[in-house]
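A quick write-up on the structure given underneath.
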Amino acid sequence: MTRPLPLALVQAPAHPANDLASFASRLEQLTRFYPTTQLFVYPEMHLCGAGVVDSSEAEPGKELAAEPIDGPRDDFLAGLAGDLKIWLAPGSFYERGDDGRLYNTAAVYSPAGQRVAAYRKVFPWRPIETLSPGSDFVVFDMDGIGRVGLSICYDAWFPESSRHLAWMGAELILNFVQTPTADRPQELTLARANAIVNQVYVASVNAAAPQGVGQSLLVDPQGRPMAVAPGAESTVLTDVIDLDEVVNVRKFGTAGVSRPWQQFSPDDEPVELPLYSGRINPAAWQVGTKSEAGRELPA
């Protein structure tokens with residue numbers, strides 16, 4: 001039994017802000033060129049033009065193309081996904097929250113024309129990114145396929161982020177990126193490491209030049225690159241992943257050896273975590289077991 005997901009990682013430069021019509025036209029072309037692809041993924045801040053990631057550098061009164069999450073842009077993107085009958089992850093954009101703060105937010109839209117997830121970047125790149133951080137980790141379900149977690153750029157540097165998404169049941173993590181700096185090789189290593197230690201697929205989708213250095217990457221649950229963009233030019237990486245491979249790797253082990261999600265026995269003692277003033281509870285370690293509060297953890 002398999003759960004195939006054909007996906008496209010669109011490595012492109014930032015799209016002109018407030019020009020959703022040309023974005024829709026280009027995406028429609030891609031759906032014709034890749035007619036069996038179900039999920040299209042774009043980089044961080046893709047719909048914000050060449051804009052800034054530091055809100056303190058914005059011109060006085062400039063909104064940075066920021067809208068409430070349920071504003072006109074949201075309606076347009078939902079309608080676009082519905083018209084094209086695709087899953088659409090258009091990268092992230094500036095969101096103006098009900099609290100008046102600006103957030104770096106990624107949304108996902110379904111073939112039914114509905115927004116199914118919205119995630120605010122928990123770990124902005126300090127001190128450059130002055131946008132407000134989010135506080136919640138977010139996953140969403142693709143009916144009949146599997147569960148996907150959302151991550152934005154610098155989130156990948158914090159292992160707690162990917163681990164928490166995996167604990168919430170994510171089998172694929174989408175990491176939307178806009179990295180123009182010399183640490184992209186380290187990010188590629190992190191993409192593979194996060195895939196390995198959590199036994200999940202990871203898609204790291206970076207912007208093309210001039211906003212990013214490209215080198216987008218799709219990694220399987222054993223940390224093996226499946227598709228790689230070698231440079232900063234615009235390109236589309238396509239592949240078909242099988243989310244049942246996550247189940248297989250966790251059951252039989254990475255390289256047939258390591259099974260970290262099977263690490264603990266129910267009678268093992270809890271492992272204290274002074275760093276978090278908390279602990280690992282072996283009884284709640286495996287996906288699908290009950291937490292200390294007695295609730296069922298996501299499978």
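Counting begins at 1 with the first residue of the sequence.
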Has [X] got more than 12 heavy atoms of other residues, nucleotides or ligands less than 6.0 Å from its [atom1]?
X: D98; atom1: CG; value: no
X: E269; atom1: CD; value: no
X: N18; atom1: CG; value: no

Q178, M45, E129, E44 screened by side chain to side chain contact (heavy atoms under 4.5 Å, CB included) with C153, the one that passes: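 Result for side chain to side chain contact (heavy atoms under 4.5 Å, CB included) with C153: E44.
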
pair [X]-[Y]: side-chain heavy atoms closer than 4.5 Å:
X: I145; Y: L39; answer: no
X: W87; Y: V41; answer: no
X: Y201; Y: D239; answer: no
X: V10; Y: V205; answer: no
X: P282; Y: S265; answer: no
X: P43; Y: N206; answer: no
X: T37; Y: I86; answer: no
X: P159; Y: V197; answer: no

Can you tell me how far apart [atom1] ([X]) and [atom2] ([Y]) are? Round to the nearest 0.5 Å.
X: S25; Y: L30; atom1: OG; atom2: CG; result: 10.0 Å
X: R120; Y: S92; atom1: CZ; atom2: OG; result: 13.0 Å
X: L217; Y: L9; atom1: CG; atom2: CG; result: 9.0 Å
X: S151; Y: N194; atom1: OG; atom2: CG; result: 7.5 Å
X: N281; Y: E272; atom1: CG; atom2: CD; result: 10.0 Å
X: T2; Y: L243; atom1: OG1; atom2: CG; result: 10.0 Å

Verdict with reasoning, N175 to L190, per side chain to side chain contact (heavy atoms under 4.5 Å, CB included): CA-CA 11 Å; N175 184 229; L190 289 170; over 6 Å; no

Qualifying salt bridge (Lys or Arg N to Asp or Glu O under 4.0 Å) pairs with a residue from residues 100-109, counting only residues at least two apart or across chains: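 Found none.
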
With a cut-off of 3.5 Å and sequence neighbours excluded, list every side-chain donor-acceptor pair involving residues 221-230.
| from | atom 1 | to | atom 2 | distance (Å) |
| --- | --- | --- | --- | --- |
| Q222 | OE1 | A255 | N | 2.6 |
| R224 | NE | D220 | OD2 | 2.8 |
| R224 | NH2 | D220 | OD2 | 3.0 |

Ring pair (Phe, Tyr, Trp, His ring centres under 6.0 Å) against F176, all qualifying residues, sequence neighbours excluded: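 If we apply the ring pair (Phe, Tyr, Trp, His ring centres under 6.0 Å) test to F176, skipping adjacent residues, there are no hits.
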
Residue among F158, W157, Y154 satisfying ring-ring contact (aromatic ring centres under 6.0 Å, His included) with F123: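 When F158, W157, Y154 are each tested with F123, the ring-ring contact (aromatic ring centres under 6.0 Å, His included) holds only for F158.
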
Is there a path of hydrophobic side-chain contacts, each under 4.5 Å between heavy atoms, that joins [X] and [Y]?
X: L174; Y: V236; result: no
X: F252; Y: W261; result: no
X: L88; Y: L7; result: no
X: V177; Y: I152; result: no
X: F140; Y: I241; result: yes

Y119 side chain to D155 side chain, donor-acceptor N/O pair below 3.5 angstrom: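 Side chains of Y119 and D155: pair found under 3.5 Å.
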
Pair T179-E187, side-chain donor/acceptor within less than 3.5 Å: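 A donor-acceptor contact under 3.5 Å links the two side chains.
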
Intermediate values then yes/no, side chain to side chain contact (heavy atoms under 4.5 Å, CB included), T189 and Q186: CA-CA 5 Å; T189 300; Q186 283 76 13; 5.5 Å; no

Looking only at heavy atoms, which two atoms of [X] and [Y] are closest? And how far apart?
X: R184; Y: S204; answer: NH2-OG, 3.0 Å
X: P13; Y: A209; answer: CB-O, 3.4 Å
X: A66; Y: L102; answer: CB-CD2, 3.4 Å
X: P180; Y: Q211; answer: CB-O, 3.3 Å
X: A81; Y: Y109; answer: CB-CB, 3.7 Å
X: V122; Y: S135; answer: CG2-N, 4.2 Å

Test side chain to side chain contact (heavy atoms under 4.5 Å, CB included) applied to D74 and E67, step by step: CA-CA 9 Å; D74 185 67; E67 294 182 10; 5.9 Å; no

Over-ring placement of R147 relative to W167, 6.0 Å and 45° cut-offs: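 Verdict for W167: no cation-pi partner in R147.
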
Candidate pair L172 and L5, rule side chain to side chain contact (heavy atoms under 4.5 Å, CB included), full reasoning: CA-CA 10 Å; L172 163 65; L5 173 59; 4.0 Å; yes

Sidechain-backbone polar pair: Q11 side chain, S216 backbone, donor-acceptor under 3.5 Å: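 It does hold such a pair.
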
Any donor-acceptor N/O pair, R250 side chain to N198 backbone, under 3.5 Å: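 Such a contact is found between R250 side chain and N198 backbone.
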
Derivation and outcome, ring pair (Phe, Tyr, Trp, His ring centres under 6.0 Å), residues Y42 and F23: CA-CA 11 Å; Y42 287 81; F23 171 75; 5.0 Å; yes

